[in-house]
Enquirer: 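Just dropping this structure here.
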Amino acid sequence: MTRPDQSASQIETAFRVAASEIGGSKPRKKRQPPFSIRLSQAERARLALDAAGAPLGAYVKEKLFDGIAMGRVRRKVLSIQDREAHARALALLGRSNLFNNLNQLAKAVHIGTLPVTPETEAELLAILNDVREIRRLFLIALGHQSEAAR
């Protein structure tokens with residue numbers, strides 16, 4: 001059997017790891033500033049006509065680089081129904097105060113006001129695993145396969 005203070009420390013560590021995974025606080029790569037060009041209305045209209053409905057940026061790149069694809073991978077575009085479902089699910093998750101409640105539990109464990117029995121510890125760890133799974137499924141649904149594998 002584990003000591004209460006040792007078990008509390010393990011749960012607090014698990015909460016911190018889960019919170020960092022959920023928050024997605026990894027540093028972003030710095031992007032190059034965009035290249036812009038000013039066009040008159042007539043030039044832009046001609047460009048739009050020549051592009052025949054294709055995105056102007058893609059059309060200009062195709063012309064600029066002689067039709068050679070530069071290898072950029074586009075994300076899968078979600079249907080309107082998928083976007084609405086994701087928005088509703090994320091809104092529900094946000095209104096649930098789940099993250100705030102988990103943080104309060106972690107603080108209670110840390111200061112010793114939450115009695116940590118083996119059953120309590122198992123339940124809290126199961127909840128953390130559920131939250132991780134929810135996050136993983138959302139990332140997969142949004143097309144972030146590499147991040148979902150973490």
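Excluded from the calculations below are hydrogen atoms, water molecules and symmetry mates; all remaining heavy atoms, backbone and side chain alike, are included.
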Enquirer: Say you draw a straight line from CG of L105 to OG1 of T113; how long is it, rounded to the nearest 0.5 Å?
Expert: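 Rounded to the nearest 0.5 Å, the CG-OG1 separation comes to 9.5 Å.
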Enquirer: How would you list, by chain and number, every residue that makes a side-chain hydrogen bond (donor to acceptor under 3.5 Å, both in side chains) with D130, sequence neighbours excluded?
Expert: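 None.
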Enquirer: State, to 0.1 Å, how close L56 and A51 come at their nearest heavy-atom pair, and which atoms those are.
Expert: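 In terms of heavy atoms, the two residues are closest at CD2-CB, 3.9 Å.
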Enquirer: Atom CG in L47, atom OH in Y59: separation rounded to 0.5 Å?
Expert: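 If I round to the nearest 0.5 Å, the distance is 6.5 Å.
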Enquirer: Give every residue pair that meets the side-chain hydrogen bond (donor to acceptor under 3.5 Å, both in side chains) criterion with at least one member in residues 39-49, sequence neighbours excluded.
Expert: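 Passing the test, one end in residues 39-49: S40-E43.
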Enquirer: Can you measure from CG (L114) to CD (Q104) and round to the nearest 0.5 angstrom?
Expert: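 Taking CG in L114 and CD in Q104, the distance rounds to 12.0 Å.
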